Structures are given as structure tokens and as C-alpha cells.
Visitor: 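Below you'll find the structure I mean.
Not measured: the values here are computed from a predicted model. Along the sequence shown, the residues carry numbers beginning at 1.
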Amino acid sequence: MLLDANKISEILYEHWDPIGCGCPKDEYDTYAKKVVQLLTKYPGQWNKVETYLHRSATETMGLSKTPHYVSENGTAALLVYVNSLREQV
């Protein structure tokens, strides 16, 4: 299964977006690449992805008041994407 970092970046923009202020579409490209690495190294361990997204928002971006559900939403959307790839195989 080949994960598309561009598609993951799009999903993060649409379903995670902790900044939420109309940032550029490529704002989360770096985070998408890390998500691809996590999903490749730890397939099925969605808690690692969710933890990464939450820490990225709260610690890396400094958005300490980001609700945990923001990362849960992003992770859920990524899960739908990955499952759709599995169904294509």
C-alpha cells in the first residue's frame, strides 16, 4: 500500500487544521510526511498518529489550548483514507 503524502496533507488541512485561520494549503506538508513515516513504521497503531498530531499542535505549534478532539478528527479522517486504499487492493 502506497501512502500519498499530498493526500495526507490535504486530509490534515481539511480535518485536523489546528491553526484554523485560512493558512496556505501546503501548511501541513511536513506533518504529512511524518504521518506517512509513522503509518509505514507502525501500521495500525493509530494512537501514535493521534499523539503525534496532538503534540504537534500543542507543543510544536504552541497551540496549547487545542482540544484533543481536533487530533481525533484528523486521525479518523486518515483512517478512512488508509482503509479506502486497502479496499482497492
Visitor: Can you confirm whether N47 sits close enough to T75 that some side-chain heavy atom of one is under 4.5 Å from a side-chain heavy atom of the other?
Guide: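 N47 vs T75: side chains apart.
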Visitor: Are the side chain of S9 and the backbone N or O of A5 linked by a donor-acceptor pair below 3.5 Å?
Guide: no
Visitor: Less than 4.5 Å apart, side chain to side chain, heavy atoms only: is that true for L53 and V35?
Guide: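 When only atoms from C-beta onward are counted, V35 and L53 do touch, with a gap below 4.5 Å.
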Visitor: If we only count heavy atoms from C-beta on, is the I8 to Y31 side-chain gap below 4.5 Å?
Guide: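 Answer no - side chains too far apart.
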Visitor: To the closest 0.5 Å, what do you measure between CG (L12) and CG (D29)?
Guide: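 Separation between the atoms: 9.5 Å.
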Visitor: Roughly how far, to the nearest 0.5 Å, is the CG atom of L63 from the NE2 atom of H54?
Guide: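 CG of L63 is found 10.5 Å from NE2 of H54.
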Visitor: Between V70 and W16, is any pair of side-chain heavy atoms under 4.5 Å apart?
Guide: yes
Visitor: Are any side-chain N or O atoms of Y81 and backbone N or O atoms of D4, one a donor and one an acceptor, separated by less than 3.5 Å?
Guide: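 Here the side-chain-to-backbone pair exists.
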Visitor: Report yes or no: do E50 and H68 form a side-chain donor-acceptor pair below 3.5 Å?
Guide: yes
Visitor: Taking the side chain as every heavy atom from C-beta outward, state whether C23 and Y13 have any atom pair closer than 4.5 Å.
Guide: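 Yes; the side chains approach each other to less than 4.5 Å.
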Visitor: Sequence neighbours excluded, which residues qualify as side chain to side chain donor-acceptor pair (under 3.5 Å) partners of N83?
Guide: R86
Visitor: Linking I/L/V/M/F/W/Y whenever any side-chain heavy atoms sit under 4.5 Å apart, do V80 and Y52 land together?
Guide: no
Visitor: So how far is it from L2 CG to L85 CG, rounded to the nearest 0.5 Å?
Guide: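 L2 atom CG to L85 atom CG measures 8.5 Å (nearest 0.5 Å).
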Visitor: Closest heavy-atom contact between L38 and K48?
Guide: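 Heavy-atom minimum between the residues: CD1-O, 4.0 Å.
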Visitor: When rounded to the nearest 0.5 angstrom, what distance separates CD in Q45 from CG in L39?
Guide: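 Those atoms lie 10.0 Å apart.
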Visitor: Show the nearest heavy-atom pair for residues D17 and Y28, with the distance to one decimal.
Guide: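 Minimum heavy-atom contact is OD1-OH, 2.5 Å.
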Visitor: What heavy-atom pair brings H15 and N73 nearest, and what distance separates the two atoms?
Guide: O-CB, 3.5 Å
Visitor: Of all residues at least two apart in sequence or in a different chain, which pass the salt bridge (Lys or Arg N to Asp or Glu O under 4.0 Å) check with K7?
Guide: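 So K7 forms a salt bridge (Lys or Arg N to Asp or Glu O under 4.0 Å) with E10.
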